[in-house]
Amino acid sequence: MDFRFDIIVHYLPVLLKGTLFTIGVSIVSILCGSILGLGMGFGKMAPKWYFRWPFHSYINFFRGTPLYVQILIVHFGVIPLFYGTTNVLMTSFVALSLNSAAYSAEIFRAGIQSIDPGQREAALSLGMSKWQAMRFIILPQAIKRMVPAFGNEFIVLVKDSSLLALIAAPEIMYWSNTMKGQYLRIWEPYLTAAFIYFILTYSLSKLLNYIERKV
Amino acid sequence: MGIRKKWAMSALVAFLVLSMVGCGSNNNAKSGDAAEESIKFASDASYAPMEYMDTDTIKGFDIDFIKAVMEEAGIDYTVTNTGWDTMLSSVKQGTEYQAGLSSVSITDERKETYDYSIPYFESTNMIMVKEGSDIKNALDLKDKTVAVQGATTADDLMSGIMGVDNTKLRRFESNAVALMELKGGGADAVVADIAIVNEYIKNNPKEKVTGILDKENFGSEYYGILYPKGSEWKAKLDPAIKAVIENGKYAEIYKTWFGEEPDTATLLSAE
């Protein structure tokens with residue numbers, strides 16, 4: 001089989017730049033997504049239905065529609081509304097963060113609700129406030145349970161960021177598409193992209209394993 | 001394993017078969033006997049008016065053109081919308097589809113991997129900007145944000161002018177998204193084939209956009225049918241293509257799609 005390493009070498013510098021873009025966008029989106037998701041997870045557990053409802057709808061919308069569509073809506077609909085024009089960097093952060101927030105919210109909620117209610121009652125009976133019970137008793141236990149699910153979400157987000165090629169964000173898939181266009185060859189660009197994503201997610205999962213053992 | 005599981009399996013198989021039939025051939029010239037040889041074309045039908053899907057039927061200039069060619073050659077054929085990547089990989093193998101018909105520009109780099117028919121269409125790239133833009137020609141685009149469809153000659157040309165790793169040159173999956181980016185203000189200009197730009201301007205009269213022709217920096221380019229390396233189909237179909245261009249059929253089809261006479265003399269001498 002003729003596999004041309006020379007065109008991969010030719011594209012290596014931009015592929016590395018694309019890798020940095022992917023890593024940067026993923027890190028920022030995971031952070032924003034988790035913070036947003038934490039709030040939403042609590043929102044969804046609110047006792048009153050009318051307070052719960054907006055969070056519920058948000059989570060259902062972002063989990064129930066493809067990221068592909070969400071990227072297009074954010075890029076051509078939402079960002080121009082606030083920004084005046086389309087902006088690829090903003091879209092990348094916003095679309096991935098909003099999507100990730102919906103999944104994170106469910107991870108938080110599931111983690112917190114998995115802690116036996118007796119733990120909270122015991123804390124309250126010791127004279128802790130609701131907030132103290134959450135902060136010192138429930139969250140530390142819940143977070144330990146959330147780590148594997150979060151790890152999974154991180155890895156999915158890194159892979160899903162490849163959909164940003166749709167709006168010409170200069171990430172890994174974008175540059176491998178460019179490589180494909182110049183030479184009209186598909187295996188070199190696709191296998192190279194797969195290899196890079198694999199390296200990224202594999203090291204991420206190693207890192208997460210380490211964290212899991214430490215927590 | 002119960003009856004239920006079997007039922008589910010057969011439903012799945014039936015679904016797969018049905019979907020294959022559904023996505024399959026669209027355009028039989030004539031249903032000759034099976035012993036005769038036939039050729040299957042793959043196409044990326046998202047390039048109006050050259051080839052596009054009208055719901056489930058493939059239409060466009062290329063489709064009418066190939067019909068005339070295959071009538072001339074007297075060979076059965078089908079054209080299937082496979083998308084760009086599938087077309088590239090399957091034509092390279094040459095087993096399922098023996099040729100690609102998708103407004104593929106002939107370039108030297110691509111000739112390393114594929115064979116081409118003789119040129120059948122002359123095109124040039126065109127710049128599309130919003131009215132009142134200060135862009136006058138291709139060189140003005142150097143430090144602007146430019147949207148193109150990736151993997152097209154517009155991409156090649158602008159990579160040449162702006163640099164292949166310039167992030168202000170933005171490559172989109174399709175011309176449709178690139179044009180939306182211009183509308184949304186994320187790009188200062190779109191570069192695309194003249195037929196695409198004219199079609200867009202024609203279909204969106206309310207949008208204040210204009211096309212700029214720059215024959216100096218964007219030379220002519222030619223479309224060819226894509227074959228695997230060493231394909232025997234080239235020798236069989238090239239004479240038919242030539243005949244269709246010479247006998248006036250080509251000009252007839254050209255006029256119905258573009259409303260003007262083609263320059264067939266240039267086309268025939270372009271080889």
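A note on names: the letters A, B, ... follow the listed sequences, proteins ahead of strands, and every chain is numbered from 1.
At a 4.5 Å heavy-atom cutoff, A:Tyr83 makes no contact with chain B through either its backbone or its side chain. Within the 4.5 angstrom heavy-atom criterion, only side-chain atoms of A:Ile186, from C-beta onward, approach chain B. Neither the backbone nor the side chain of B:Leu182 has a heavy atom closer than 4.5 Å to any heavy atom of chain A.
Here the closest heavy-atom approach between residue B:Thr167 and residue A:Trp175 is recorded as CG2-CZ2, 4.3 Å. Residue B:Phe172 comes nearest to A:Leu166 through the heavy atom pair CD2-O, 3.6 Å, listed as atom of the first residue, atom of the second, then distance. Taking all atoms of both residues into account, the shortest heavy-atom contact from A:Asn177 to B:Glu173 is ND2-OE2, 3.3 Å. Nearest heavy-atom pair across B:Arg171 and A:Ala168 is O-CB, 3.2 Å. Scanning all heavy atoms of the two residues, the minimum distance from B:Arg170 to A:Ile167 falls at NH2-O, 2.7 Å.
B:Ser89 OG to A:Arg185 CZ: the interatomic distance, rounded to the nearest 0.5 Å, is 12.5 Å.
Counting heavy-atom pairs closer than 4.5 Å to chain A, the top residue among B:Ala178, B:Gly184, B:Ser159 is B:Gly184. Between chain B and the residues A:Val88, A:Asn87, A:Ile79, the most heavy-atom pairs under 4.5 angstrom are made by A:Val88. Among the candidates B:Glu109, B:Lys92, B:Glu181, B:Gln149, the residue making the largest number of heavy-atom pairs closer than 4.5 Å to chain A is B:Glu181.
Within 6.0 Å of atom CD in B:Glu232, 12 or fewer heavy atoms from other residues, nucleotides or ligands are found, so the atom counts as exposed in its surroundings. No more than 12 heavy atoms of other residues, nucleotides or ligands shown are found within 6.0 angstrom of CD on B:Glu216. The number of heavy atoms from other shown groups lying within 6.0 Å of CZ (A:Arg52) is above 12. Heavy atoms from other residues, nucleotides or ligands lying under 6.0 Å from NZ of B:Lys142 number 12 at most.
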Item to complete: Test B:Lys183 against A:Phe76 for side-chain contact (heavy atoms from CB on, under 4.5 Å), laying out the working first.
Response: CA-CA 9 Å; B:Lys183 196 178 164 187; A:Phe76 291 114; over 6 Å; no
Worksheet item: Can A:His75 and B:Met180 be said to form a side-chain contact (heavy atoms from CB on, under 4.5 Å), step by step?
Response: CA-CA 10 Å; A:His75 189 62; B:Met180 276 184 75; over 6 Å; no
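Side-chain atoms of B:Val164 and A:Tyr11, non-hydrogen and from C-beta on, do get closer than 4.5 Å to each other.
A salt bridge links B:Glu112 and A:Arg4; the closest N-O separation between the charged side-chain nitrogens and carboxylate oxygens is under 4.0 Å.
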